[in-house]
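Here is the structure we will look at, set down as structure tokens.
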Amino acid sequence: MEYNFKEIEQKWQAYWKKNSTYKTEIDNSKPKFYVLDMFPYPSGAGLHVGHPLGYIASDIFSRYKRLQGFNVLHPMGYDAYGLPAEQYAIQTGQHPAVTTKKNIARYREQLDKIGFCYDWSREIRTCEPDYYKWTQWAFIQMFNHYFNTKLQKAQPIVSLIKAFETSGTEGIQASCTEEISFTANEWKAKTEKEQQEILLNYRIAYLADLKVNWCPELGTVLANDEVSEGVSVRGGHPVEQRVMRQWSLRVSAYAQRLLDGLNTVEWTDSLTETQKNWIGRSEGAELRFEVKDQDFNFDVFTTRADTIYGVTFMVLAPESELVKQLTTDKQAPEVQNYLDATKKRTERERIADRRVTGVFSGSYAINPVSGTEIPIWISDYVLSGYGTGAIMAVPAHDSRDYAFAKHFNLPIIPLIEGCDVTEDSFDAKEGIMINSGFLNGLTVKQAIAKAKEYIAEQKLGQVKVNFRLRDAIFSRQRYWGEPFPVYYKDEMPYMLDESRLPLELPEIDKFLPTEQGEPPLGRAKNWEIDGYPLELNTMPVFAGSSAYYLRYMDPKNDKALVSAEANQYWRNVDLYIGGTEHATGHLIYSRFWNKFLFDLGLVCEDEPFKKLINQGMIQGRSNFVYRIKDSNTFVSLNLKKQYETTAIHVDVNIVSNDVLDIEKFKSWHPEYKTAEFILEDGKYVCGWAVEKMSKSMYNVVNPDDIVEKFGADTLRLYEMFLGPLEQSKPWDTNGIDGVHRFLKRLWSLFYKDENLLVNNEAPTAEELKTLHKTIKKITFDIENFSYNTSVSAFMICVNELFALKCSKKAVLEPLSILLAPFAPHIAEELYHILGNESTVCDAVFPVCNEEYLKETAVKYPISFNGKVRFTLELPADMSKDEVEKIALLHEQTIKQLHGKSPKKVIIVPGKIVNIVL
RNA sequence: GCCCGGAUGGUGGAAUGGUAGACACGAAGGACUUAAAAUCCUUUGGCUUCACGGCUGUGCGGGUUCAAGUCCCGCUUCGGGUACCA
């Protein structure tokens, strides 16, 4: 019997489906393990071979954990809302729901072929009302809470209202958009509308006028993580700054907790580092500067309080409210010119063209420590959104201030002994302070601490921590997203009653803004509730992915996002696998979302993802043919030097081992029908390059084709065999024969022609050694996600058993269980051939018995000055002295010594002998 | 600019400081076959030698060590992230 993968794979996929093998229920008798993949956005292009890489890795781990007796939750679903479907709808008029559904069906079909152990009964789609009901619900909770900075925890907004009623803002410790203060009486005197406006200043989900990233091309605002280098991450359209009234989530309130939490999770260093940078905590001081000839002062934030004696000017952000206050009449026209000019510059232009610009405001500040007068400038190199939107400039020790000072000829005072600031600033935080009054003679580190102390003592300001992390803008002027459960009364937002959820996405005639420039929902008929208009914006794509891992625990629950019981059992994700591209988006938002729900007592774990692995990208491997200029003749790779040629991408699917299938090429495209070829050794050899896998490079490989030709097990093994999981590597179908041969060879241990070879003989010591060293290696590799070396280990094992002609059940059975996580179909088949009747998924993972691995002899490499000259087989338990004696007496040693006596002999028992001459 | 990863045969890649190149692909040769496919066996870093063997070799330059792909210092280079965050 031959290895018929097609038959085997179909048979067991049907069996698993029929027997609900992958259905998971809460089982308190077993420990839980939750393995999660970052769910995909179902794009129209379907899956290419790069997509399943992470899914296969998580599938292996899930199956492994199950074999070890864990109750494994391994769900899958779809991040179904998003821009591409809507852009497509705008172009074609097709409803995004229709294309999304179609794409999901296609994804599912592709995923099913690979034999994953997903519990599909738990599937979720973010665009389904049953699901987004809970996204809307969470939003309502965020609206109804504020963040108490003292407790570092979300609290009901009603408790804040109570506090306002009794003592106003006195003693309030709450994260807010803007510091405001009022008394209890003032509060009570306010109208309902005024009170609501004030509460928005504190709510975790709030509406505010904010400077946002507006993308005209997409017709929507974008969050910071959706913009990179001044263009939208999706589509690469220019983005500009605009002030708009938008929903936001007060993610910044959780900055410290988001930072602290990173110490409690097992993520890769690079990922935690990225998050740390994104959160951007900096400790420093807020210093108050008085303005000369005005009864006015303002604060600046600095991490270098030690450089206070080197401040030679101040700079305000052009958008700062201080600009108006500090611009003198004389300077007013010039300042206005500058403001107009900067406003016109988009973020992108500012990044591309980083010239030094600025204008003098006319005012002077007084250095609070030295008392000197310093001019106040305005420049766009200072950001309005960070700190106070104003800085103290220390050109000697900050490169940006230095560039500015040089350009406008402002003084530069060095503060560190021996530093040279004639060409560049000295930014390093090291050295001994000079020119700095009471800080002279201290190291920079000491000076920072002392200056902070001084500032606090003298009440010149306060020690402060600033974060780079911004609140998440949560409104999108788009159709294909979750509607907000919000209606407006007297222009103030109010939440829908929970009983009215979900608020379903209405139908509209066109997926475009209205003629008045309102978002697409402005087109919806009767988009109101009880006579009040509903919100026209929809939620961003990260809304639906922020708590999906919780929903999988209890996907059908219509009373809660997740029941306490399910949450108590499944708790959080033990292993999360996905791409690095979500480092600053999804992985921040979902941690924030989870912490919020944690504060409300709705989930029992503070961090959602305990361990996280980033799978590397699968790159494409493109092939080229070389056309001789102005002809339809193509020349083979190694002959092309003789001609002037153009390289043309050719579909990798009609190339095998870099040799072009000429007939297929001719019919690939009409213009090549009459093509002629200059061959080498009768073959047309193509060139190649590693590039992104994309349609335009003709290097996309579809997993379906691989499954068709080699089977799912081969695909799974080969994806893992390509290289380390976390590394990026090119896909090259050429190597796949190797793993396919391995499976065939494994099969050949069971069958020769029609004869079953399996027998019940007792295994030899050698066979047991092969088996158990494989068990040991595979176990270690799975635990360390080193799947590429496990595939090698399987190959070695089968090669050895093949050489030993071993078809013993006692060896093959554990081997088939061992292989089951990697190649479940063939493993299941083999397991049944061996006489088992239940699924291999419920077998017990074999355990290595070290007894079988014990070596009686060691092959000692004998080296001279570190260079190995020969090997010597000696008993494993031989003493050091005896090894030395034998090694030194060996004829080859004597030859190497040339009559000299060795200076030193190093013996590492069981490892190596090194003789030093 | 800053931060994080890499760099090992023709290719993908192995190597708790202890015989570099496991395992595969490709290539070459052979067996089986009328033939092909499939399968099996052998060789395969480079240079050198009839051979035994020798020399050399993990991006570059230093260093530590009995011993370095691995540790340290300084570069080169290719990816990825981030960007006026004071």
Side-chain angles (χ1 to χ4, degrees), chain A residues 2 228-230 268-274 276-278 280-282 284 300-304 307 315 317 350-351 354 356 379-383 385-394 397-401 403-404 427 466-470 580-581 583-584 614 616-617 619 621 657-659 688 690 717-718 721-724 726-742 744-745 748 780 786 788-797 799 802 859-871 902-908 910-917:
Chain A
E2 294 237 318
S228 178
E229 307 203 359
T268 58
D269 289 347
S270 76
L271 191 59
T272 42
E273 205 52 40
T274 305
K276 274 182 194 164
N277 291 340
W278 190 259
R281 183 184 201 270
S282 52
V300 300
F301 176 74
T302 180
T303 53
R304 293 293 302 272
T307 60
V315 188
R350 276 178 52 181
I351 288 163
R354 198 173 285 183
V356 178
S379 173
D380 65 1
Y381 85 87
V382 172
L383 303 175
Y386 185 75
T388 60
I391 61 149
M392 58 178 227
V394 185
H397 302 289
D398 182 290
S399 54
R400 299 154 297 180
D401 297 344
F404 194 83
D427 291 15
N466 246 320
F467 293 94
R468 203 188 82 118
L469 184 69
R470 293 283 95 91
T580 1
E581 66 271 21
T584 54
N614 291 123
M617 270 224 313
Q619 297 151 312
R621 186 182 188 277
N657 282 322
D658 292 336
V659 175
W688 62 276
V690 173
L717 285 171
Y718 188 55
F721 188 63
L722 275 178
E726 302 185 60
Q727 233 171 66
S728 288
K729 59 242 161 191
W731 174 274
D732 182 0
T733 308
N734 289 338
I736 203 165
D737 287 324
V739 291
H740 193 62
R741 262 174 222 151
F742 153 71
K744 281 203 266 192
R745 185 168 266 205
S748 78
F780 179 85
S786 178
N788 55 327
T789 51
S790 357
V791 178
S792 303
F794 278 123
M795 288 173 170
I796 293 167
C797 176
N799 286 347
F802 183 82
K859 251 191 195 160
Y860 277 97
I862 313 297
S863 55
F864 296 83
N865 287 340
K867 284 182 184 167
V868 177
R869 287 294 119 125
F870 65 97
T871 58
K903 279 191 191 139
K904 202 171 174 185
V905 179
I906 310 270
I907 291 157
V908 184
K911 283 277 178 197
I912 200 165
V913 176
N914 191 17
I915 297 164
V916 186
L917 301 177

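Proteins come first, then strands; the chains are lettered A, B, ... in the order of their sequence lines, and each starts at number 1.
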Fill in: Between B:C55 (P) and A:Phe864 (CZ): distance, integer Å
13 Å
Response to the item:
note: A:Tyr718, atom OH; B:C23, atom P; distance rounded to Å ~ 17 Å
Fill in: Spacing of A:Glu726 atom CD relative to B:G80 atom C1', expressed in whole Å
14 Å
Worksheet, complete the sentence: Checking B:A24, B:G13, B:G26 against the side chain of A:Asp737 (C-beta onward), the nearest is B:G26
Fill in: Nearest-neighbour nucleotide for the A:Asp380 side chain, B:U11, B:C84, B:A86 considered
B:C84
Fill in: A:Lys867, nearest nucleotide to its side chain (from B:A15, B:C23, B:U56)
B:U56
Worksheet item: Is the cationic atom of A:Arg621 (NZ for Lys, CZ for Arg) positioned less than 6.0 Å from the six-membered ring centroid of A:Trp731 and within 45 degrees of its normal?
Response: no
Practice prompt. Return the stems involving RNA chain B, sorted by first number, where pairs are Watson-Crick (N1-N3 with N6-O4 or O6-N4) or G-U wobble (N1-O2 and O6-N3), both under 3.5 Å, and runs are 3 or more long.
Written response: B:1-7 with B:76-82, B:10-12 with B:23-25, B:26-31 with B:39-44, B:45-48 with B:53-56, B:59-63 with B:71-75
Worksheet item: Counting any heavy atom closer than 4.0 Å, what does A:Asn799 reach on the DNA or RNA strands: base, sugar-phosphate only, or nothing?
Response: sugar-phosphate
Discussion item. Rounded to whole Å, please give me the gap between CG in A:Asn788 and P in B:G12.
Written reply: 14 Å
Fill in: No-H, no-angle donor-acceptor pair, A:Lys911 side chain to B:U16 base, under 3.5 Å
yes
Worksheet item: Is the phosphate of B:A86, meaning OP1 or OP2, less than 4.0 Å from a side-chain N or O of A:Ser282?
Response: yes
Worksheet item: B:A67, B:A86, B:C23: which one has an atom nearest the side-chain heavy atoms of A:Ile796?
Response: B:C23
Worksheet, complete the sentence: Per atom distances to the A:Thr274 side chain, the nearest of B:A86, B:G81, B:U19 is B:G81
Response to the item:
Rounded to whole Å, the CZ-C1' distance (A:Arg468 to B:G81) equals 11 Å
Worksheet entry | Interatomic distance where CG belongs to A:Leu717 and P belongs to B:G13 [whole Å] | 18 Å
Worksheet, complete the sentence: Each nucleotide of nucleotides 35-49 of chain B classed B (base within 4.0 Å of a protein heavy atom), S (only sugar-phosphate) or -, in 5' to 3' order, makes ---SSSS--------
Worksheet entry | Proximal nucleotide (of B:C3, B:U56, B:C23) relative to the A:Glu273 side chain | B:C3
Worksheet entry | Nearest to side-chain heavy atoms of A:Pro730, which nucleotide of B:C66, B:G12, B:C3 | B:G12
Worksheet item: Which of the following nucleotides, B:A83, B:A15, B:A24, is nearest to the side chain of A:Thr789?
Response: B:A15
Worksheet, complete the sentence: Ranking B:A86, B:C3, B:U19 by distance to the side chain of A:Pro861, first place goes to B:U19
